[in-house]
Amino acid sequence: MSGDAAALWPRVAEGLRRDLGARTFDHWLKPVRFAGYCTLSAVVTLETASRFSANWINDRFGERLLLAWRQYLPAVRSVTVRGGAAASDRAATLATAPLPAFDAAPVPAAQAVPSPFDARLCFDRFVVARSNILAANAARRMAMAEAPQFNPLYLCSGTGQGKTHLLHAIAQAYAAIRPTANIILMSAEKFMLEFVGAMRGGDMMAFKARLRAADLLLLDDLQFVIGKNSTQEELLHTIDDLMCSGKRLVVTADRPPAMLDGVEARLLSRLSGGLVADIEAPEDDLRERIIRQRLAAMPMVAVPDDVVAYLVRHFTRNIRELEGALNKLLAYAALTGVDVDLALAEDRLAENVRSARPRITIDEIQRAVCAHYRLDKAEMASKRRVRAIARPRQVAMYLAKELTPRSYPEIGRRFGGRDHSTVIHAVRTVEALRVTDSELDAEIAAIRRSLNN
């Protein structure tokens, strides 16, 4: 049986190369050799040249190796990679072991340096469509050797739509053409925590020097520095220094710069000075292509077209939820041995579907309120205060606070730039009226039903 398993390794390796990408596979997994398969314990043992490489591969790719082996040998319970002395002792045997038919020579594992970037999040695995083409093309330009036309690059979208993927892709592509470049990728929250730590530890000069020495700085989720004045001030100086030095900056956030309440005007001006690229909600075609791409890397897994259509239909909000649902379905099928079909998808993904239902937006609330009261939507932002307009506007503000996660200032901004105190007054007024005015209470209940439907 060990001999049969050995014969499978080239096929397993070829699938891993397609799934992980040629660069990542050649760097880490190509030097790996098949060592044995124990039929009693159902454990596959692989070997590589050093303990360091073996530990890294076990930590980073252990689950992916197990899933890849199970596609060809479902009985496998675990996969382990060993290195160092064990590998050296078996060098003669491994010399005759079957190898995947790839042309490039193995990268010596002793020289391998762990990358701080996620190898899975590369440009080759980023599916491009109308909703994200501007952001994708701008990201590729930012990673080229030539100076980018637009700098800084500001990527904005809701959660799970590809911003972080593009950050890692930019970092890896730029590192490939500029191996000696100093690339720093960090979340805005980490920037804030390191800044506070440096202040408390009296190490601000080192903190400033490290960031300003970056050739490419990538900051994820900028919205988390909202309201942190000292952090914003340091970020502003860092951006100015990088821009003056001709360095590159990429920033992501969940909304455009103009909608970042609590951010200093000077910082907003710097962030808006390059290119602001929106990533819109993924369209049906994009979601289906992403599923097909993932399934192409797992040719032994059969997923019927009606299951693909089910996933596309129900997971519309973001890519992360879509991929999470697909992974859950495939993992359940692999671990239980059942076939993937529509009944299984409906059963195992029911809770995911409920969680993935699109959230109500302020714009949708305004449209529903205006439809109920027969008003023009422009009245939601107008300055008119006649009762026939002011009361529906207050109802819309109340529902915006009830049904969305937006803050009072954010809601005020969407209603003609009103102050947060105006929104608070509207919410409290409607809350009080619902207790005493049964007609208004019924109207609000009707509007909520229309939104839910």
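Note that this is a predicted model, so its numbers are computed, not measured.
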Please confirm whether the backbone N or O of Gly15 pairs with a side-chain atom of Gln71, one donor and one acceptor, at under 3.5 Å?
-> no

Any chance you could lay out the side chain to side chain contact (heavy atoms under 4.5 Å, CB included) test for Leu155 and Leu153, step after step, and finish with the verdict?
-> CA-CA 6 Å; Leu155 303 174; Leu153 172 61; 3.9 Å; yes

Evaluate the side chain to side chain contact (heavy atoms under 4.5 Å, CB included) criterion for residues Phe34 and Leu8: first the C-alpha distance (whole Å), next the side-chain angles of each, then the deciding distance (0.1 Å), finally the verdict.
-> CA-CA 9 Å; Phe34 178 84; Leu8 290 174; over 6 Å; no

Distance col, row Glu346:CD vs Asp341:CG, nearest 0.5 angstrom, shows 9.0 Å

Hey, does Ser187 have a side-chain heavy atom less than 4.5 Å from the side chain of Phe224?
-> no

Considering non-hydrogen atoms only, spot the tightest contact between Leu275 and Ala138 and give its length.
-> CD2-CB, 3.6 Å

From Phe315 CZ over to Ile290 CD1, what is the distance, rounded to the nearest 0.5 angstrom?
-> 14.0 Å

Arg141, CZ atom: more than 12 neighbouring heavy atoms under 6.0 Å = no

Would a 4.5 Å heavy-atom cut-off, applied to side chains only, mark Lys401 and Val423 as touching?
-> no

Any donor-acceptor N/O pair, Arg289 side chain to Val128 backbone, under 3.5 Å | yes

Run the numbers on Met199 and Met204 for side chain to side chain contact (heavy atoms under 4.5 Å, CB included), then give the verdict.
-> CA-CA 6 Å; Met199 279 201 307; Met204 279 301 298; 3.5 Å; yes

Distance-only, no hydrogens or angles: does the His314 side chain make a donor-acceptor pair with backbone N or O of Val353 under 3.5 Å?
-> no

Partners meeting side-chain hydrogen bond (donor to acceptor under 3.5 Å, both in side chains) with Arg125 (sequence neighbours left out) | Asp19

Charged N to carboxylate O below 4.0 Å: is that the case for Arg33 and Glu47?
-> no

Take atom CZ in Arg77; do more than 12 heavy atoms of anything else shown fall under 6.0 Å from it?
-> no

Between CZ of Arg82 and CG of Asn58, what distance do you get to the nearest 0.5 Å?
-> 12.0 Å

With side chain to side chain contact (heavy atoms under 4.5 Å, CB included) as the test, would you mind laying out the steps for Thr45 and Tyr37 before giving the verdict?
-> CA-CA 6 Å; Thr45 302; Tyr37 173 63; over 6 Å; no

Set of side-chain hydrogen bond (donor to acceptor under 3.5 Å, both in side chains) partners for Glu146, sequence neighbours left out | none

Distance from Ile291 atom CD1 to Ile319 atom CD1, nearest 0.5 Å?
-> 8.5 Å

Contacts under 3.5 angstrom, residues 206-223 side chains, donor-acceptor by atom type, not counting sequence neighbours:
{"from": "Lys208", "atom 1": "NZ", "to": "Glu234", "atom 2": "OE1", "distance (Å)": "2.6"}
{"from": "Arg210", "atom 1": "NH2", "to": "Glu194", "atom 2": "OE1", "distance (Å)": "2.2"}
{"from": "Arg212", "atom 1": "NH2", "to": "Glu234", "atom 2": "OE2", "distance (Å)": "2.7"}
{"from": "Asp215", "atom 1": "OD2", "to": "Asn182", "atom 2": "N", "distance (Å)": "2.7"}
{"from": "Asp220", "atom 1": "OD1", "to": "Thr252", "atom 2": "OG1", "distance (Å)": "2.4"}
{"from": "Asp220", "atom 1": "OD2", "to": "Thr164", "atom 2": "OG1", "distance (Å)": "2.7"}
{"from": "Asp221", "atom 1": "OD1", "to": "Gln223", "atom 2": "NE2", "distance (Å)": "3.4"}
{"from": "Gln223", "atom 1": "OE1", "to": "Asp254", "atom 2": "N", "distance (Å)": "3.2"}

From Leu46 CG over to Leu29 CG, what is the distance, rounded to the nearest 0.5 angstrom?
-> 9.0 Å

Leu329 side chain near Asn327 side chain, heavy-atom distance below 4.5 Å | no

Taking the side chain as C-beta and beyond, is there a heavy-atom pair between Leu344 and Asp339 under 4.5 Å?
-> no

Ignoring hydrogens and angles, tell me if any N or O in the side chain of Gln161 forms a donor-acceptor pair with the backbone of Arg317 under 3.5 Å.
-> yes

Report yes if some heavy atom in the side chain of Asn151 is under 4.5 Å from a heavy atom in the side chain of Met142; otherwise report no.
-> yes

In plain terms, say whether Arg266 and Glu233 are close enough for a salt bridge, that is, a side-chain N and a carboxylate O under 4.0 Å apart.
-> yes

Thinking salt bridges, do Arg292 and Glu288 make one under a 4.0 Å N-O criterion?
-> yes

Does Val43 reach the side chain of Val79, with side-chain heavy atoms less than 4.5 Å apart?
-> no

Do Val32 and Trp9 touch side chain to side chain, with heavy atoms closer than 4.5 Å?
-> yes

Can you check whether Asp419 reaches Tyr408 side chain to side chain, under 4.5 Å on heavy atoms?
-> no

Heavy-atom closest contact (Trp69 atom, Ala5 atom, distance) | CH2-O, 3.3 Å

Considering all heavy atoms of both residues, which atom of Leu451 and which atom of Ala368 are nearest to each other, and what is their separation?
-> CD2-CB, 3.7 Å

Donor-acceptor contact below 3.5 Å, side chain Arg287 vs main chain Val312 = yes

Is the backbone N or O of Glu280 less than 3.5 Å from a side-chain atom of Asp278, with the two atoms forming a donor-acceptor pair by type?
-> no

Just by distance, do the side chain of Lys328 and the backbone of Glu323 share a donor-acceptor pair under 3.5 Å?
-> no

Could you state the interatomic distance from CZ (Arg120) to CD (Gln172), rounded to the nearest 0.5 Å?
-> 10.5 Å

Determine the minimum heavy-atom distance between Ala136 and Phe123, stating which atoms define it.
-> O-CE2, 4.4 Å

Expected output: side-chain His168 to main-chain Cys122 donor-acceptor under 3.5 Å = no

Is it true that a side-chain atom of Arg178 and a backbone atom of Ala145 form a donor plus acceptor pair closer than 3.5 Å?
-> yes

Of all the heavy-atom pairs spanning Ser131 and Pro282, show the shortest one and how long it is.
-> OG-CA, 4.0 Å

Nearest heavy-atom contact between Pro10 and Ala6 is CD-O, 3.5 Å

Answer yes or no for Arg11 and Tyr72: cation-pi contact, defined as NZ/CZ to six-membered ring centre under 6.0 Å and angle to ring axis within 45°.
-> no

Any donor-acceptor pair under 3.5 Å linking the side chain of Lys377 with the backbone of Gln366?
-> no

